[in-house]
Amino acid sequence: MKKTFCYVCSVIICMSMLVMTSCKNTGAVKEAAEKAVQAGAIKLGPVGEATAMTVDDEALVCEITADTLFMNDANVDKSLVARYMAIELLRTNPDLFNLVLDNELGLKGNLKLKSGENVDVQVGAEDLRAFNTQVAGASGNFATILLPIYNQYLNGQGAKEIGEGLTLKKVQVKGTQEQFMVDVDEKVNFDDLKRNLYAVKDDAEKKIDLVKEYVGMALPLIAQMNYSMVFRYANKAGNETFLETTPEEINAYLNK
């Protein structure tokens with residue numbers, strides 16, 4: 001009888017410990033999130049602004065108005081956006097971010113696009129912790145993590161039409177440049193193309209406006225790496241020209 005009683009007590013104690021250790025203090029996360037939002041919309045960099053936050057059993061859920069400069073349609077790389085969202089929350093509100101980690105929660109984002117469409121992105125609790133470790137290991141230089149992901153995503157899309165007779169074939173980092181390789185159809189008058197590019201070579205805003213739809217969320221990453229952005233145009237006849245945007249021009253554009 002005594003052994004049975006001790007066994008029952010042990011089971012109860014173990015179960016209590018399991019309940020205590022597995023219990024998430026979502027109340028503390030919710031309270032911190034509410035306070036953060038009360039202070040105003042939370043800037044999440046190129047992702048947009050978090051205008052409301054709630055907590056479910058799995059994650060901190062952010063309602064986000066997307067930044068149309070970087071995301072103007074539903075065809076976005078959800079993996080990249082989710083990591084950006086995590087990084088920007090870490091940068092803007094590290095206390096809330098650490099509460100999310102400590103309570104083994106993930107992060108969800110409901111992005112409201114200008115078109116009216118919604119895009120849902122998510123980073124699970126384990127992935128969020130692993131990603132946090134990556135960022136710490138990179139001494140906060142998140143571009144070293146995200147830019148390769150972005151380039152891999154673009155290259156995985158295959159050839160992409162970026163204008164009449166212009167096809168984006170490849171994106172790569174070469175030295176201190178983020179290079180976009182563009183094939184020019186033989187039907188395109190190459191001299192006209194060169195003249196059009198030359199006309200904007202000294203106007204950073206026009207240069208970036210020409211390509212921002214295809215550069216998207218990579219622009220802040222290129223800026224953090226202090227790279228220049230180069231679009232190289234070439235046709236099968238061997239003609240080649242390029243349009244370069246310097247790090248100074250990129251930073252001025254992002255900070256205007």
Side-chain angles (χ1 to χ4, degrees), residues 29 32-33 36 41-56 58-113 117-157 171-173 178 212-227 229 250 254:
V29 180
I42 298 174
K43 301 285 187 180
L44 295 176
V47 177
E49 293 183 342
T51 55
M53 290 183 176
T54 56
V55 181
D56 63 22
E58 298 178 350
L60 173 67
V61 184
C62 304
E63 300 294 332
I64 301 171
T65 300
D67 189 330
T68 56
L69 173 64
F70 301 100
M71 289 182 291
N72 52 19
D73 60 49
N75 185 26
V76 298
D77 180 358
K78 293 183 179 181
S79 175
L80 182 69
V81 172
R83 284 164 171 74
Y84 241 125
M85 178 177 61
I87 280 174
E88 293 299 337
L89 182 63
L90 173 60
R91 280 156 46 96
T92 57
N93 200 320
D95 291 339
L96 177 57
F97 183 91
N98 287 325
L99 262 179
V100 172
L101 282 185
D102 292 344
N103 287 280
E104 299 180 352
L105 295 171
L107 192 60
K108 295 179 182 178
N110 300 320
L111 278 76
K112 300 174 183 177
L113 303 178
E117 295 184 75
N118 288 347
V119 175
D120 296 326
V121 298
Q122 181 174 359
V123 182
E126 289 187 12
D127 288 339
L128 190 64
R129 188 173 297 279
F131 188 57
N132 182 54
T133 301
Q134 273 187 299
V135 173
S139 301
N141 188 356
F142 60 86
T144 60
I145 302 166
L146 291 179
L147 191 56
I149 294 174
Y150 178 87
N151 289 349
Q152 183 180 23
Y153 167 74
L154 271 189
N155 289 328
Q157 299 299 299
V171 184
Q172 64 183 9
V173 172
E178 172 81 345
K212 70 180 181 182
E213 183 179 347
Y214 319 110
V215 175
M217 298 183 71
L219 201 58
L221 303 176
I222 297 168
Q224 190 183 11
M225 295 300 293
N226 201 36
Y227 288 167
M229 179 173 66
I250 294 170
L254 292 173

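Scored by the side-chain hydrogen bond (donor to acceptor under 3.5 Å, both in side chains) test, Q122 finds no partners at all (sequence neighbours excluded). With sequence neighbours excluded, the residues satisfying salt bridge (charged side-chain N to carboxylate O under 4.0 Å, His left out) with E49 are K43. With sequence neighbours excluded, no residue forms a salt bridge (charged side-chain N to carboxylate O under 4.0 Å, His left out) with R129. For N141, the side-chain hydrogen bond (donor to acceptor under 3.5 Å, both in side chains) partners at least two apart in sequence or on another chain are Q224.
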Checklist entry - Can V121 and M85 be said to form a side-chain contact (heavy atoms from CB on, under 4.5 Å), step by step? => result CA-CA 9 Å; V121 298; M85 178 177 61; 3.8 Å; yes
Next on the checklist: Set out, in order, the CA-CA distance, both residues' side-chain angles and the distance that settles side-chain contact (heavy atoms from CB on, under 4.5 Å) for K212 and L219, then state yes or no.
Outcome noted: CA-CA 8 Å; K212 70 180 181 182; L219 201 58; 5.8 Å; no
Checklist entry - Going through the distances and angles, do I149 and Y84 end up as a side-chain contact (heavy atoms from CB on, under 4.5 Å)? => result CA-CA 11 Å; I149 294 174; Y84 241 125; over 6 Å; no
Checklist entry - Would N103 and V55 count as a side-chain contact (heavy atoms from CB on, under 4.5 Å) if you check the C-alpha gap in whole Å, the side-chain angles of each, and the deciding distance to 0.1 Å? => result CA-CA 11 Å; N103 287 280; V55 181; over 6 Å; no
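In this structure, the side chain of N151 does not engage the main chain of V171 through any donor-acceptor pair within 3.5 Å. Within the 3.5 Å criterion, the main-chain N or O of A143 finds no donor-acceptor partner in the side chain of Y150.
Expressed to the nearest 0.5 Å, how far CG of L146 lies from CZ of F131 amounts to 4.5 Å. Of the inter-residue distances, the one linking M217 atom CE with D77 atom CG reads 8.5 Å to the nearest 0.5 angstrom. Rounding to the nearest 0.5 angstrom, the gap separating the OH atom in Y227 from the CG atom in L147 is 7.0 Å. How far CD1 of I250 is from CE of M225: 12.0 Å, rounded to the nearest 0.5 Å. Atoms CD and CG, from E178 and L221 in turn, are 8.5 Å apart once rounded to the nearest 0.5 Å. Residue R91 holds its CZ atom at 10.5 Å from CG of L44, rounded to the nearest 0.5 Å.
The nearest pair of heavy atoms linking V123 to L128 is CG1-N, 3.5 Å. Nearest approach of A59 to L105, heavy atoms of both residues: N-CD2, 3.8 Å.
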Enumerate donor-acceptor pairs with a distance under 3.5 Å from any side-chain N or O in residues 62-71 to protein atoms, sequence neighbours excluded.
{"from": "E63", "atom 1": "OE2", "to": "N110", "atom 2": "ND2", "distance (Å)": "2.8"}
{"from": "D67", "atom 1": "OD1", "to": "L69", "atom 2": "N", "distance (Å)": "2.9"}

Please tabulate, one pair per line, all N/O donor-acceptor pairs under 3.5 Å involving side-chain atoms of residues 93-100, not counting sequence neighbours.
{"from": "N93", "atom 1": "OD1", "to": "L96", "atom 2": "N", "distance (Å)": "3.0"}
{"from": "N98", "atom 1": "ND2", "to": "P94", "atom 2": "O", "distance (Å)": "3.1"}

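Under the side chain to side chain donor-acceptor pair (under 3.5 Å) rule, K108 has a single partner from T54, D56, D120, which is D56.
More than 12 heavy atoms of other residues, nucleotides or ligands lie within 6.0 Å of CD in Q134, so this atom counts as buried by the packing criterion.
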